[in-house]
Q: 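Here's a structure for you.
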There are 4 protein chains.
Amino acid sequence: MPRAVRERQMMDAAVQTFGQRGYRAASMDEIAELAGVSKPLVYLYLNSKEELFTACIRREASALVEAVRAGVEPGVPADHQLWNGLRAFFTHAAENPDGWAVLHHQARTHGEPFATEVAAMRTEIIGFVTYLIGAAAREAACDAELAEREVAGLAHALVGAAESLAGWGNGTPGVSSKETAATLMNFAWAGLENLMNGQRWAPSPGNAG
Amino acid sequence: MPRAVRERQMMDAAVQTFGQRGYRAASMDEIAELAGVSKPLVYLYLNSKEELFTACIRREASALVEAVRAGVEPGVPADHQLWNGLRAFFTHAAENPDGWAVLHHQARTHGEPFATEVAAMRTEIIGFVTYLIGAAAREAACDAELAEREVAGLAHALVGAAESLAGWGNGTPGVSSKETAATLMNFAWAGLENLMNGQRWAPSPGNAG
Amino acid sequence: MPRAVRERQMMDAAVQTFGQRGYRAASMDEIAELAGVSKPLVYLYLNSKEELFTACIRREASALVEAVRAGVEPGVPADHQLWNGLRAFFTHAAENPDGWAVLHHQARTHGEPFATEVAAMRTEIIGFVTYLIGAAAREAACDAELAEREVAGLAHALVGAAESLAGWGNGTPGVSSKETAATLMNFAWAGLENLMNGQRWAPSPGNAG
Amino acid sequence: MPRAVRERQMMDAAVQTFGQRGYRAASMDEIAELAGVSKPLVYLYLNSKEELFTACIRREASALVEAVRAGVEPGVPADHQLWNGLRAFFTHAAENPDGWAVLHHQARTHGEPFATEVAAMRTEIIGFVTYLIGAAAREAACDAELAEREVAGLAHALVGAAESLAGWGNGTPGVSSKETAATLMNFAWAGLENLMNGQRWAPSPGNAG
DNA sequence: CATGAATGAGGCTTCATTCAT
DNA sequence: TATGAATGAAGCCTCATTCAT
């Protein structure tokens, strides 16, 4: 069997095992057995547990980013770009639960060098969202100035909400990724529009803690 | 030395170690040494690594819920309750980074029985947020009916955004928990208000993917 | 059982195993079994195979140097010091064949950091022999000047001869260490005396290769 | 490429690897790569690691013996034969450090069946030296009878001294093999001559240990 | 002739856990 | 109450060796 095929089998098995068990709890024995090969072959092709995990992170991160990129239609208004991107994201996460678990849970809980890998991808996505918010502000010719840090905070909030909803959607039967995306758009976009119009929430005097 | 004190030392050491290393990578040796006691004593008091981790999760979950509960002022309008709760949450997370890491990262990545423990707490918090959204809707005497599932989705989104912002606030120097909470309120509350007024975002015809 | 005793048992087993099998071929399993303890205990006390081997080298080197030092009577003429030292050396090597094998064979064939350890001991012994040769020359009030490098070469030759004879004596039944030492003294001392008197061997003209 | 050439490449690579790493630490992978062939070919030609190492020992032993034999001029006086043989030996060892390491260090530290192989060669060389000592005694028409065992001991001492000096010469820059050989002749031959004349070293009464 | 693909066996090391005092 | 001493089980990794082409 050619090397490339075997390598894919191993990576698939590794993503599944790492996603379900975690980096430390996953054993190379289990991965090899699930891949239907002997352990030495895993080492021959992928060198070490650490490199194998890193390769999984990279592959899944690339696949996720690529799925979102493929879903987004450039040139359309910012809200539609976000809508398309979210639907692609939720769909991909739902179809690749183990890969999503590797990225969202496992890679971020085992320190260096894994956290760095996935942080790079997250930074890329947050950058994209930040850009969309800015584009929306320009499109709306809004009066308000949004401070850079405020936009960064918004982007983090939106991405975090999406990540959380991905888990909710995956775990709750009968919720389509389209519906999840709509929920998030309703939640987020109206808030963003208000912000662009300079409307902010503020604690009424006397009630602040 | 009285048992309660010793036990607290051990739990403190365990939370710190589990939070920084993860459940599997943390060793009982390290925890015992950090606590300044011998390993058999840890077993005498806390029985096993699994029970110790579970105890950590419970303690930190209780502390977090308690902190939020203590921050919220009952009787005030829903948006103020949310505002107070968020501030309490961000403050607590910032002051207990290891405990927060145990709850947010470590407990959720190591399957049963730990995920169940922390899921219970999360469900409780989401329930509280769900209640607040409903209360706000009633207060606003809003016309729109929010479907139960939609409210659940909103609550998940809001909690996820808060969790993500907690990580952002902890990791970005110079951002106070008050500022983080304000960012989230601006982002979320306006969106919620619009929803209560029946305004929804919808893809314009022809642009939908 | 107290730690010191256990540690000695392990070191004894390790010296025996390393001496007979070599560093790589000796397994920690075998050493632990020979010492009558479980493998984790070996690691608890001696950390790693490499440290264990290094500890063996150091212990055996110290024992050998100490044996020679104890055998030599300071203050007597140089030839008697050498004679006493050789007898002590051959006796010690014969009584500790595994330790001698560790030093002479195993430590020198497995690169850094082991070769350095044993080289230090060998340098010490060669320095002692070098000193004895110089002392003998002064005692003899000899006319000849011995170049420093020539003395170093002689010391290396003498030590090498002794090492070789240790193997011969150990392997040939019926040869006492006293007899071995006498053989070497006869061989070496006369040559040294001649050298001190300026007599050298030289190829006759015409026969040189 | 003809088999003989390939085989030589493999043996060269094996000698180099075994000489530098030792028998156990050398891997067949490394040898094959160094030889520029695939691993199965090594097995096809040389059957197993053990046979490969044995073949290396035999080849290097033959080469060494052959080099000494070629250097010795039969028919000349014994001391000149020894002088020529030593020079050939030191030169060969200096020019083939890996081969010399295989014979002197590696083959002797890994038990059967390797030790036997190299012991045979050493016995042959010691036999030659023994013969030379006897011949010298006859040439000198010496009065003294040298016991057979004493001669054996002398031969072992001389060979050991030569082996030690080979290491010294290889490791000390600026020392030619001719100089090394001269050092050893000076050291050894005078001692031998004295012995043949019945002069022995003996501990003075009262100083013996 | 030559090799890419594959593995059984075994070695080093760590860890959660227990016992005797 | 508290601990020094000890281990069974398991994990990561490597290596000599073979087979199908």
Side-chain angles (χ1 to χ4, degrees), chain A residues 1-7 10 23-32 35-53, chain B residues 1-3 6 23-32 36-53, chain C residues 1-7 10 23-32 35-53, chain D residues 1-3 5-6 23-32 35-53:
Chain A
M1 190 169 305
R3 173 167 180 152
V5 176
R6 277 273 195 251
E7 211 164 305
M10 292 177 199
Y23 176 60
R24 292 291 297 242
S27 89
M28 295 298 270
D29 267 305
E30 188 179 358
I31 292 172
V37 299
S38 69
K39 222 181 347 169
L41 201 59
V42 180
Y43 281 91
L44 189 62
Y45 285 1
L46 291 145
N47 300 318
S48 72
K49 194 184 190 184
E50 187 172 324
E51 282 192 36
L52 174 57
F53 192 41
Chain B
M1 187 170 310
R3 171 161 181 156
R6 277 267 200 254
Y23 175 59
R24 292 291 298 237
S27 85
M28 295 297 270
D29 266 305
E30 188 178 358
I31 292 171
V37 299
S38 70
K39 234 184 331 175
L41 201 59
V42 179
Y43 279 89
L44 188 63
Y45 284 2
L46 290 144
N47 301 319
S48 75
K49 194 184 189 184
E50 189 172 320
E51 284 190 33
L52 172 57
F53 192 42
Chain C
M1 188 170 305
R3 172 166 180 151
V5 175
R6 277 273 196 252
E7 210 163 308
M10 293 178 200
Y23 175 61
R24 292 291 298 240
S27 87
M28 295 297 272
D29 266 305
E30 188 178 0
I31 292 171
V37 298
S38 69
K39 225 180 346 167
L41 201 59
V42 180
Y43 280 90
L44 189 62
Y45 284 2
L46 291 145
N47 301 319
S48 73
K49 195 184 190 183
E50 187 172 324
E51 281 191 37
L52 173 57
F53 192 41
Chain D
M1 188 170 307
R3 170 160 181 156
V5 176
R6 277 268 201 254
Y23 175 60
R24 292 292 298 240
S27 83
M28 296 297 270
D29 266 306
E30 189 178 358
I31 292 171
V37 299
S38 69
K39 235 186 326 177
L41 200 58
V42 180
Y43 279 88
L44 187 64
Y45 284 2
L46 291 145
N47 301 319
S48 74
K49 194 185 190 186
E50 188 172 321
E51 283 190 36
L52 173 56
F53 191 42

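In the text below, chain A, chain B and the rest are named by the order of the sequence lines, each starting its count at 1.
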Q: Indicate, with a heavy-atom threshold strictly under 4.0 Å, whether C:Arg3 touches base, sugar-phosphate, or nothing.
A: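 The residue C:Arg3 makes sugar-phosphate contact but no base contact.
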
Q: Examine E:dA2: is either OP1 or OP2 under 4.0 Å from a nitrogen or oxygen in the side chain of D:Arg6? Give yes or no.
A: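 Yes, because at least one side-chain N or O of D:Arg6 sits under 4.0 Å from OP1 or OP2 of E:dA2.
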
Q: Measuring from the side chain of A:Leu41 (C-beta onward, heavy atoms only), which nucleotide among E:dA6, E:dT3, F:dA16 has the closest atom?
A: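 The answer is E:dA6.
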
Q: Counting only side-chain heavy atoms from C-beta out, which of E:dG11, F:dA16, F:dA2 sits nearest to D:Lys49?
A: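 Looking only at heavy atoms from C-beta outward on D:Lys49, the closest nucleotide is F:dA16.
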
Q: Distance check needed: E:dG11 P versus D:Arg24 CZ, whole Å only.
A: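 Atom-to-atom, D:Arg24 to E:dG11, this comes out as 8 Å.
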
Q: What is the nucleic acid contact for D:Ala25, judged by heavy atoms within less than 4.0 Å: base, sugar-phosphate only, or nothing?
A: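 D:Ala25: no heavy atom of the nucleic acid under 4.0 Å.
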
Q: Among E:dA2, F:dT3, E:dA16, find the nucleotide with the atom closest to the side chain of D:Tyr45.
A: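 So the nucleotide nearest the side chain must be E:dA2.
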
Q: Can you work out whether D:Asn47 or A:Asp29 has the more 5'-proximal nearest nucleotide on DNA chain F?
A: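 Going by which nucleotide is closer to the 5' end, it is A:Asp29.
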
Q: Does the Lys NZ or Arg CZ of A:Arg3 fall within the cation-pi geometry relative to A:Tyr45 - under 6.0 Å from the ring centre and within 45° of the axis?
A: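 Yes, A:Arg3 lies over the aromatic ring of A:Tyr45.
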
Q: More 5' along DNA chain F: A:Glu50 or C:Leu44, using each one's nearest nucleotide?
A: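 That would be C:Leu44.
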
Q: Please give, in whole Å, the distance from E:dC15 C1' to B:Leu52 CG?
A: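 It works out to 15 Å between those atoms.
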
Q: Would a distance-only check, ignoring hydrogens and angles, find a side-chain to backbone donor-acceptor pair under 3.5 Å from C:Lys49 to C:Ala26?
A: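 Here the side-chain-to-backbone pair exists.
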
Q: Using the side-chain contact (heavy atoms from CB on, under 4.5 Å) rule, take D:Ile31 and D:Lys39 through it: C-alpha gap first, then chi angles, then the decisive distance, then the call.
A: CA-CA 8 Å; D:Ile31 292 171; D:Lys39 235 186 326 177; over 6 Å; no

Q: Distance check needed: F:dC12 P versus A:Glu51 CD, whole Å only.
A: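 Taking CD of A:Glu51 and P of F:dC12, I get 15 Å after rounding.
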
Q: Let me know the distance between CG of B:Leu46 and P of E:dA16, rounded to the nearest Å.
A: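 The answer, rounded to whole Å, is 14 Å.
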
Q: Pairing check on F:dT21: which nucleotide meets the Watson-Crick or G-U wobble criteria with it, both distances under 3.5 Å?
A: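 Its partner is E:dA2.
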
Q: Between F:dA16, F:dC12, F:dA5, which nucleotide has the shortest distance from any of its atoms to the side chain of D:Met28?
A: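 Of F:dA16, F:dC12, F:dA5, F:dA16 is nearest to the side chain of D:Met28.
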
Q: Under a 3.5 Å cut-off for both distances, is E:dT13 Watson-Crick or wobble paired, and to whom?
A: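 By the stated definition (distances under 3.5 Å), F:dA10 pairs with E:dT13.
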
Q: Given side chains that start at C-beta, do those of D:Val42 and D:Val37 come closer than 4.5 Å, heavy atoms only?
A: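 The answer is yes, as the side chains (C-beta and beyond) meet within the 4.5 Å cut-off.
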
Q: Need to verify one output field. Residue with the more 5' nearest nucleotide on DNA chain E, C:Ala26 or A:Gly36?
A: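 Per heavy-atom nearest nucleotide, the more 5' residue is A:Gly36.
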
Q: Between B:Lys39 and A:Pro40, which has a closest nucleotide on DNA chain E that is more 5'?
A: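 Checking each residue's closest nucleotide, the 5'-ward one belongs to A:Pro40.
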
Q: Does NZ or CZ of C:Arg24 fall inside the cone over D:Tyr23's six-membered ring, less than 6.0 Å from its centre and within 45° of the axis?
A: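 Negative - C:Arg24 is either too far from the ring of D:Tyr23 or too far off its axis.
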
Q: I want to check one thing: is the phosphate of F:dC15, taken as OP1 and OP2, less than 4.0 Å away from some side-chain N or O of A:Tyr43?
A: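 Checking A:Tyr43 against F:dC15: no side-chain N or O falls below 4.0 Å of OP1 or OP2.
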
